[in-house]
Student: 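Quick one: the structure is below, and I'll ask about it shortly.
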Amino acid sequence: MTDERELIGRAREGDERAFRELYDRHVDALYRFLKQYSDDSFCVEDWVQRAFIQAFQAIDSFRSSSKFSTWLFTIGLNEMRSDARRKNIVAFDSRELESWDGREEEQGDFLWVDAMKGWIRELDETKRSVFLLYEVEGYTHGEVGEMLGITESTSRALLCRAKQILRSKAQSQEKRE
Amino acid sequence: MNDRFYSNEDLPNGEQKRRMWRALRRGTRRRRSLLMFVPDLPSFSYGIAASVIVYFLAVGVLSTVRSSIAGAQPDAVRLDQAYQLAIEQFERVVPRVVASRSASSGPSLEARQAELAQLNTAIAELRLATGEGDLSPLKQKRLRQLYGLKLQILQEMIENAEVEL
């Protein structure tokens with residue numbers, strides 16, 4: 001498998017095969033991630049292709065110090081956010097983000113249950129993004145902060161809050177059963 | 001977590017991937033075609049800027065050299081140019097007037113024209129010599145005398161009404 005830095009170097013020189021290989025490597029991950037913000041597959045396709053177009057057009061400005069996927073996800077998230085705000089299809093809660101003091105610590109282990117996948121869609125956009133990027137995609141809080149334009153501690157706190165919400169939903173369901 | 005979270009429904013199928021790739025190619029090709037003749041835009045811009053600077057520099061250097069050469073001309077040459085200019089001014093007027101003279105004044109005009117022709121030949125020979133770098137005072141003096149004589153003849157022709165202005 002070709003080294004990603006080499007691929008990026010070839011893409012910078014305009015090699016279309018390098019673009020194609022970068023696309024093949026990252027399209028599934030970006031698509032399934034953005035799919036968590038909309039059930040409309042055409043809408044998700046639009047975000048994905050716009051993210052790739054922007055990334056390829058600005059490939060010269062990509063800094064090799066970060067991962068290509070981190071950069072691509074950041075662009076994809078921005079595309080989704082601007083579109084979602086315009087169409088009002090994802091809930092945004094900026095007030096909570098502004099008042100966050102970052103002192104909240106994670107409480108105990110988090111037990112994943114399949115029903116949570118549906119509940120994640122009820123979280124506001126930032127908590128959903130933090131949860132997906134950290135817990136599902138495996139990015140660090142530093143990388144999540146970079147992608148979402150928040151600090152590392154805010155990312156930790158938002159993840160904690162997201163887990164609390166999911167946990168309480170799971171407990172409510174258990175009681176009902 | 002990754003494998004447990006996502007299902008096959010979350011992934012794009014083959015047709016979706018092809019569709020996105022086609023749209024992606026269209027989107028990037030449009031930009032590339034705009035820059036087809038400029039493979040490296042920054043280098044191209046620097047090249048244009050450098051060419052403009054070199055052009056103005058060359059024009060400036062040439063102008064400076066030309067003006068310094070003109071300023072370095074010896075007095076004899078500048079005097080020669082002044083005489084030439086004065087004679088040219090006279091000659092612009094006189095031939096026109098000569099052409100308007102009546103047939104009765106023919107011999108007198110012919111004599112004047114012969115005189116002027118001889119002077120022109122002498123001046124041309126001397127100018128040729130001085131133009132080759134021979135700026136001896138004697139030749140310069142002789143040239144000025146010839147110029148003076150030619151101017152005098154032209155002046156007399158006008159003042160004595162040998163020609164009509």
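Order of the sequence lines sets the chain letters (A, B, ...), proteins ahead of strands, with each chain counted from 1.
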Student: So do Leu24(B) and Phe19(A) actually touch side chain to side chain, heavy atoms under 4.5 Å?
Tutor: no
Student: With only heavy atoms counted, which part of Phe42(A) is less than 4.5 Å from chain B, the side chain, the backbone, both or neither?
Tutor: side chain
Student: With a 4.5 Å heavy-atom cut-off (strictly below), which parts of residues 49-56 of chain B touch chain A? List them by number.
Tutor: none
Student: Under the rule for salt bridge (charged side-chain N to carboxylate O under 4.0 Å, His left out), what residues qualify as partners of Arg5(A), not counting sequence neighbours?
Tutor: Asp3(A)
Student: Within the structure provided, determine whether Leu30(A) and Met20(B) are in side-chain contact (heavy-atom separation under 4.5 Å).
Tutor: no
Student: Could you go through Tyr6(B) and Phe33(A), starting from their C-alpha distance and side-chain angles, then the distance that decides it, and tell me whether this counts as side-chain contact (heavy atoms from CB on, under 4.5 Å)?
Tutor: CA-CA 9 Å; Tyr6(B) 293 121; Phe33(A) 169 69; 3.9 Å; yes
Student: Decide yes or no for Asp28(A) and Lys17(B): does some side-chain heavy atom of the first lie under 4.5 Å from some side-chain heavy atom of the second?
Tutor: yes
Student: Chain B heavy atoms under 4.5 Å from Gln36(A): which part of the residue, side chain, backbone, both or neither?
Tutor: side chain
Student: Pick one of side chain, backbone, both or neither for Tyr23(A), based on which atoms fall under 4.5 Å of a heavy atom in chain B.
Tutor: side chain
Student: Can you tell me how far NZ of Lys35(A) sits from CD of Glu9(B), rounded to the nearest 0.5 angstrom?
Tutor: 7.5 Å
Student: Can you say whether Arg20(A) sits under 4.5 Å from chain B via the side chain, the backbone, both, or neither, judging by heavy atoms?
Tutor: both
Student: Report which part of Leu132(A) has an atom under 4.5 Å of a heavy atom belonging to chain B: side chain, backbone, both, or neither.
Tutor: side chain
